[in-house]
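The chains referred to below are lettered A, B, ... by the order of the sequence lines, with proteins before strands, and numbering in each begins at 1. Heavy-atom basis, side chains included; hydrogens, waters and symmetry copies ignored.
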Amino acid sequence: MFKSNSRILKFPRKLNFRYRNVQSACFVRKVPNFVQEKFNLNRVLNALSKSGRIYEARQLFDEMPERDEFSWNTMVAAYANSGRLAEARKLFGQVPVKSSITWNSLISGCCQCGLKIEAFELFWEMQFQGRKPNQYTMGSLLRLCSLLTMLRRGQQIHGYAVKTQFDLNVYVVTGLVDMYAKCMCILEAEYLFNMMPERKNHVMWSAMVAGYSQNGNGYKAIECFQDMRTEGVECNQFTFPSVLTACAAVAADSFGVQVHGCIVRSGFEANVYVKSALVDMYAKCSDLNSAWMVLENMEVDDVVSWNSMIVGCVRQGCEEEALAVFQKMHQRDMKLDEFTYPSVLNCFASMKDMRNARSIHCLIIKTGFEDYKLVNNALVDMYAKQGSSDCATQVFNHMPEKDVVTWTSLVTGYACNGSYEEALKLFCGMRTAGIYPDHVIVASILSACAELTVWEFGQQVHANFIKSGLQSSLSVDNSLLSMYAKCGCIEHARQVFDSMQVRNVITWTALIVGYAQNGKGRDSIQIYDEMIAGGTKPDYVTFIGLLFACSHAGLSESGCSYFESMDKVYGIKPGPEHYACMIDLLGRSGRLAEAEKLLNQMVLQPDAAIWKSFLAACRVHGNLELAVRAAKNLFELEPMNAVPYILLSNMYSAANKWEDVAKIRRLMKSRGISKEPGCSWMETNSTVHTFMSEDRSHLKAAEIYAKIDEIIPLIKEAGYVPDISFALHDTDEKGKELSLAYHSEKLALAFALLTVPPGAPIRIFKNLRKENVHAETIGRNVFNYYISYLVFLRRMKQRWLPIKLLHFLFFFLQQHLKHWEAERRKGVHIYGLVGREYFAYCGVEGQCVQNSNCKGRTSLAAPSAIR
DNA sequence: ATAGGGTTAG
């Protein structure tokens with residue numbers, strides 16, 4: 001169809017009127033007087049080919065008495081653009097004089113059909129024949145590269161463009177920007193875009209907005225869009241979908257609404273891409289009503305928009321509505337596509353409806369969608385999340401081609417089910433398979449690292465992510481923050497937090513929990529106050545962190561008021577975790593009676609964690625009677641958990657009730673419960689050195705024991721009194737003291753001081769999980785005394801020292817060493833981490849000591865498996 | 001007569 005563009009206006013008014021459309025052009029063909037003119041015939045040929053009437057075009061072409069270059073080129077282009085490449089090639093061979101345009105027309109056709117070998121062969125042949133490729137050639141080839149994500153080929157074209165001085169041509173650069181963006185090289189795309197000196201046109205701007213958006217860089221996409229408007233470049237139906245996707249990705253709902261306004265003013269609202277992007281944006285920004293409104297106003301049933309609607313409903317937790325949307329699609333007899341099934345599978349997965357999920361799997365097979373990667377990815381995800389790792393792996397193994405999403409689905413599935421080690425191994429497998437990670441899998445892996453406290457691994461993933469040039473996302477930053485906090489690197493966690501431009505409740509909570517776990521309860525509370533002041537509402541998890549912080553900072557009054565505010569101010573009903581924290585808090589501050597009262601007041605049934613807190617509180621206050629009650633409950637709730645048996649047994653032994661100790665031990669024996677022997681290990685030069693209590697099997701045992709013997713008197717001098725009250729064995733005092741001195745952790749530390757070079761961090765791992773910190777709080781651990789002593793020595797030499805210590809040191813110091821309290825007031829930080837793992841850093845001899853408690857000795861934590 | 005940008009899944 002002729003468009004009234006400038007080129008046509010150049011023709012005589014009469015002709016222009018005559019050939020305005022194909023109908024009149026065809027009519028003209030039948031009038032012999034007109035046909036004589038070659039010029040006019042070419043116009044007709046062009047009109048036919050443009051309207052896709054190839055057969056008629058060929059007829060005219062064959063009938064033409066005289067064919068010039070224009071006629072031949074038009075016919076080749078007509079075949080090439082309609083995908084009839086065999087015919088195009090055949091005709092191409094017959095073209096008497098092949099110009100650049102002839103070559104470009106054929107190359108363009110090959111590129112559109114994704115025929116990479118043919119396209120590049122023609123590209124070389126063209127040069128061989130003495131025709132110079134131009135911006136048209138490169139534009140087509142770059143399009144092909146971006147279509148098939150062929151980075152190397154694209155880079156070759158880039159090199160060629162530089163060599164032939166086409167590297168500032170707006171068409172070529174737009175192609176390059178798009179190609180690099182599609183190949184995930186957003187930095188290269190950005191560089192080329194910024195290096196473009198001339199005024200950039202709207203296509204280039206749109207390509208850049210799309211590039212940012214497709215690379216998961218929503219904020220930059222929005223920024224770029226704003227710059228585009230500031231520059232006065234007009235947006236069109238290509239620009240809006242990209243920026244709307246960006247809004248959806250970063251949940252910038254208010255900006256999305258503004259973009260909607262722009263769209264309405266610009267008149268591009270009718271475009272189906274724009275509309276479906278609008279539906280998606282509203283659905284993802286949890287404005288289902290607006291999404292519905294756009295969807296209902298659509299003239300055609302667009303499956304993309306409907307799919308988006310299902311996803312939006314599921315994300316909002318409205319699974320029923322999502323299914324209703326799916327049913328409506330059926331009623332309207334819409335053709336489902338490979339995006340519909342993932343959405344519906346996701347819906348059933350979040351409803352935990354395995355039966356229906358399986359029937360969708362059947363439907364997928366029935367309708368012939370089982371070969372679609374997208375659909376299989378969703379199946380892997382669904383089965384993995386349901387805990388059916390076997391089914392997930394089965395689908396996974398049957399897939400001929402796997403992408404990041406496939407691997408992510410399986411990895412996330414394993415991580416959700418607590419198989420963190422398996423998740424990390426899969427991640428390594430993915431890297432071996434040559435798949436590059438993206439921000440979704442990175443976030444997932446960092447969370448797994450946090451759970452395993454494999455700091456080295458996490459840091460490597462972080463470094464790799466920085467190197468990849470991918471922009472961070474909120475979820476990556478959140479999991480990074482958590483990972484560092486959980487691994488005891490609270491400064492790094494803080495750094496991540498400070499660098500974040502956007503934060504949500506998860507971010508704030510992660511930092512609150514992080515500070516709390518690292519023994520900086522007061523900082524937790526400060527962060528909480530900042531969060532409230534900033535207008536972010538706390539959630540269930542925030543309060544766990546906050547109450548935990550209060551209990552460990554000894555702020556029982558604040559804790560109680562926060563606990564009250566939970567339901568009263570924010571409408572969050574306290575759960576078992578909150579009660580456990582509160583009982584811990586009351587127990588620590590010597591309010592055992594109140595703890596007992598709270599326990600009795602509870603509406604919900606106390607769980608094991610609550611009883612553990614209570615038992616720990618009883619132990620600290622030496623209340624054997626209540627301890628027995630707590631322990632009995634624990635024996636019922638967790639009969640195979642050794643910890644309560646040990647705690648109670650320790651209390652009996654402290655009270656010199658050796659008969660009861662024996663009774664507990666008999667009970668343990670009869671139930672087949674044994675305490676896992678404690679061991680500590682550390683790594684130097686890729687070798688793991690493991691130590692058990694009083695272990696002399698190490699090659700350097702003599703030196704290690706000598707080092708400890710050197711340390712013990714120094715610690716005693718600093719005020720250390722071995723706390724032997726909880727020793728298990730009914731041995732003499734000296735024996736108990738010795739068993740403490742050669743505790744596995746201290747052996748590891750002594751070894752580390754002998755071998756690790758000054759300035760390098762020392763990391764000690766332990767296998768035993770601290771079920772409750774309170775139980776370990778006071779006294780006992782010589783290791784901490786040792787650190788405190790060294791810190792003390794260090795203080796003498798240096799004015800300022802950043803010291804982080806195990807939090808229970810703080811309690812100890814308060815009770816036993818008054819001058820330490822003074823030190824603390826002077827700003828020396830003494831804190832640590834509690835829970836499953838804890839670290840202590842200190843500036844000991846210029847070294848940083850980190851002490852980590854792992855959940856069992858994992859092969860990943862053991863460096864032999866890492867290397 | 002030949003070239004460049006867009007929506008849905010983890």
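Between the CD1 atom of A/I107 and the C1' atom of B/dA1 there is a distance of 15 Å, rounded to whole Å. Residue A/L379 contributes atom CG, which lies 13 Å from atom C1' of B/dG10 at whole-angstrom precision. In this structure, the CZ atom of A/F339 is 9 Å from the C1' atom of B/dT7, given to the nearest Å.
The side chain of A/K200 contributes no N or O atom lying less than 4.0 Å from OP1 or OP2 of B/dG4. Look at A/Q237 and you won't find any side-chain N or O under 4.0 angstrom from OP1 or OP2 of B/dG5. Within the structure, a side-chain polar atom (N or O) of A/K284 is placed less than 4.0 Å from OP1 or OP2 of B/dA9.
Partners of A/T367 by side-chain hydrogen bond (donor to acceptor under 3.5 Å, both in side chains), not counting sequence neighbours, listed by chain and number: A/Y341.
The list of side-chain hydrogen bond (donor to acceptor under 3.5 Å, both in side chains) pairs with a residue in residues 87-96 of chain A, not counting sequence neighbours, is empty.
Checked against B/dG5, B/dA1, B/dG10, the side chain of A/D381 finds its nearest nucleotide in B/dG10.
Closest heavy-atom contact between A/A392 and A/V380: CB-O, 3.7 Å.
The aromatic ring centres of A/H361 and A/Y383 sit less than 6.0 Å apart.
Put simply, the side chain of A/D438 and the base of B/dG10 share a donor and an acceptor less than 3.5 Å apart.
In this structure, A/F238 forms an aromatic stack with the base of B/dG5, since both conditions hold: centre separation below 5.5 Å and plane angle below 30°.
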